[in-house]
Amino acid sequence: MDLFDGLLEKAQERYDYLCREIERHNELYYVHASPEISDYEYDMLMKELEEIEKQYPELKKDYSPTQRVGGKVIDEFKSVEHTVPMLSIDNTYNEAEIREFDSRIRRSIHDIEQIGYVVELKIDGVAIAIRYKDGIYQQAITRGDGFRGDDVTDNVKTIRSIPLRLMKFAPHSLEVRGEVFMINKELERLNQIREEMGEEPFRNPRNTTAGTLKLKDTRQVAQRKLSAYFYEVILEDSDKNIIQSHLETLNCLKEWGFPVNPHWKKCENVEEVIEYCNLSRNNRYSLEYEIDGMVIKVNEHTIREKLGTTSKSPRWVIAYKFPAETAQTKLLNIKIQVGKTGTLTPVAEMEPVPLAGTIVKRATLHNFEELDRKDIRIGDIVEIQKAGEIIPQVIRPILELRPPDAKTFPIPQICPVCGSKVQKDPEGVFYRCLSSECPAQLKQKIQHYAQRRAMNIEGLGPAIIEQLVDKGLVKNIADLYRLTREQVIKLERMGNKSTENLINAIEKSKNRTLSALLFGLGIRHVGQHLAEILARNFKSIEELIYVDIGKLTEINEVGPVVAKSIKDFFSTKTNVSLIEDLRRLGVKTREIEENKGIEKNIFNGKTFVATGTLKDYSREQIEQKIKFYGGKVSSSVSKNTDFVLVGDNPGTKLEKAKQFGIKIITESEFEKMIQEDAG
Ligand code: IVH
């Protein structure tokens with residue numbers, strides 16, 4: 001018994017140490033962007049912590065870093081009352097209104113000469129309140145109606161920059177408030193995956209954040225990387241004197257380990273406020289996230305108290321909302337795009353117009369229902385907007401300017417490319433072309449099949465694909481492998497050398513991995529990640545043809561929708577004969593064991609650091625790939641780094657690599673390393 005107590009005590013000690021240490025590294029990485037250890041070392045600490053939790057489940061705490069990966073399924077979001085209402089704030093829209101706000105304050109506080117303001121960015125996210133008891137994370141609540149919000153504790157826990165335990169001394173009872181949001185890059189990453197899976201893209205970061213916080217599967221929340229910044233502290237009356245101003249609020253938040261937006265300014269008068277607002281407005285598109293304005297706050301708490309609150313909002317704070325970046329232009333035509341899975345998307349072609357830093361001439365109209373609901377007609381002057389710096393969208397027609405001959409655009413009954421029947425998607429608002437032989441779909445399918453991350457057929461770009469399909473040389477993917485030199489050389493812009501290269505690239509693609517082929521086939525819901533999982537679970541495509549749905553759903557990451565989509569694909573006769581054709585033509589449809597062995601180890605023991613934006617990989621994907629081939633990934637450059645992989649806009653890591661004399665490689669050099677060794 002004594003011996004056991006001793007062991008438990010030791011485990012407890014180590015457990016506490018690991019919890020603190022991992023959370024300290026989380027803060028260094030996610031809040032300060034200056035990690036002290038490599039990802040590998042971090043993983044080792046996590047692994048050790050998981051081991052202890054497995055061995056001594058009684059030690060497991062809610063605030064353990066292992067609790068951030070999700071795994072809970074939420075039944076229903078409990079409604080919780082706010083300690084102090086989360087009031088809204090008044091909006092202003094121009095300089096004059098900001099000046100009025102300042103005059104109003106100075107009129108009611110006439111005994112103080114100077115009123116200091118803190119001006120912050122107004123991030124377009126979702127407001128959140130988080131409660132801590134004795135420094136430990138307790139509960140996270142959405143704003144809701146301001147008086148009651150939803151308990152999203154488990155979902156918010158997955159946000160790694162939010163501390164689960166406060167490092168420094170903190171009051172017994174503490175509530176912090178701030179904004180949860182998604183950076184634009186993360187939205188792009190998610191949309192890329194959604195596109196691969198044939199799902200409708202998310203429209204803007206704000207809605208995606210709100211939707212993510214309401215997901216019932218916390219694991220899914222953990223996979224979408226949310227961010228947060230905090231700007232408010234609520235203390236019990238007895239602790240109120242700890243913080244006397246907004247500057248002190250920001251300082252305390254930082255000391256406790258919360259992420260605080262570094263962009264803010266202390267302004268001594270309204271002129272400075274306006275200047276900083278205008279400056280930020282001009283710089284808004286260089287930020288990683290969306291802001292829709294500025295928030296102007298009186299700094300001193302004594303002054304805030306004197307000003308008080310109306311029933312709706314505090315008198316010491318105001319939002320300055322940027323005018324929406326919209327433009328008006330003429331809608332010249334509506335074209336229909338046919339996607340890889342046959343989805344028909346209406347696209348607006350407009351007279352070119354400058355908007356938020358670029359010239360825009362095309363915009364999405366999303367889908368036909370929306371087109372109809374907004375009553376947008378060809379010939380209309382339309383208002384367009386850039387939402388989330390992604391694709392511009394048409395907001396509305398300017399009815400007063402509608403020309404008499406403006407034409408409505410009917411929902412197509414047949415596919416504009418192949419003339420086959422169009423059907424409405426039973427699950428959504430989409431119309432799809434049902435023909436598997438539709439040339440538009442075929443072109444998209446081939447492009448998807450040939451891309452680097454799939455079968456990697458270099459030289460098979462859109463212009464060539466267009467000709468191959470239009471000339472009837474390629475009627476399905478298998479036909480690519482039947483192409484002859486004589487056929488290819490006759491195509492426009494093809495010479496001897498490029499023909500040779502293309503034929504070789506097609507030939508070489510026969511030996512791609514099973515996961516590349518699975519991804520390349522363009523099965524709905526099967527993106528690159530899922531293709532790798534399938535390849536790990538099944539040795540060949542043939543095995544997948546006969547698999548039953550139960551076996552598919554046994555795989556952790558395969559849900560019922562995905563399983564059905566896979567089953568549907570492999571029970572379609574044309575798909576099965578396509579696969580048979582591919583195999584007959586020499587495409588490897590099974591994982592070659594020896595090949596896999598070589599592949600897995602080509603980077604054995606080598607440490608990689610990636611810096612900058614890569615063209616074909618997200619951070620997560622490149623890390624997976626390096627690990628797949630036996631390499632290690634580190635977040636910081638040291639003497640032990642073997643390769644630094646550089647993308648666009650590399651950071652200081654590149655400088656450091658040069659200093660240490662470490663081998664620097666580009667993305668295409670990285671690809672070459674894989675291909676040469678994998679054969
Ligand atoms: S202060 C009482 N500061 O904008 C003061 N709000 O309507 C409460 N927001 O719901 C808010 N950035 O979600 C404040 N730096 C910032 C903000 C900010 C974004 C949001 C917040 C609030 C809304 C104001």
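For clarity, every value in this text was computed on a predicted model and none was experimentally measured. Side chains are part of it too, since the values below use all heavy atoms of this structure and drop only hydrogens, waters and symmetry mates. All ligand and atom numbering here is 1-based and tracks the order in the structure.
By the ring-ring contact (aromatic ring centres under 6.0 Å, His included) test, Phe258 pairs with Tyr132, Phe230, sequence neighbours left out.
Comment: Arg106 engages Asp102 in a salt bridge, judged by a side-chain N to carboxylate O separation of less than 4.0 angstrom. A salt bridge is defined here as a Lys NZ or Arg NE, NH1 or NH2 lying under 4.0 Å from an Asp or Glu carboxylate O, and Arg99 with Glu271 meets this definition. For Glu370 and Arg373, the salt-bridge test passes: some basic side-chain N is under 4.0 Å from an acidic carboxylate O.
The 4.0 Å heavy-atom shell around ligand 1 contains residues Ile89, Glu120, Leu121, Lys122, Ile123, Ala127, Glu179, Tyr231, Glu232, Val295, Lys297, Pro314, Trp316, ordered by chain and number.
The ring pair (Phe, Tyr, Trp, His ring centres under 6.0 Å) pairs that include a residue from residues 142-194 are Phe181-Tyr229, Phe181-Tyr289, where partners are two or more places apart or lie in different chains. Screening residues 240-257 for side chain to side chain donor-acceptor pair (under 3.5 Å), with sequence neighbours left out, gives Glu120-His246, Asp237-Lys240, His246-Arg304.
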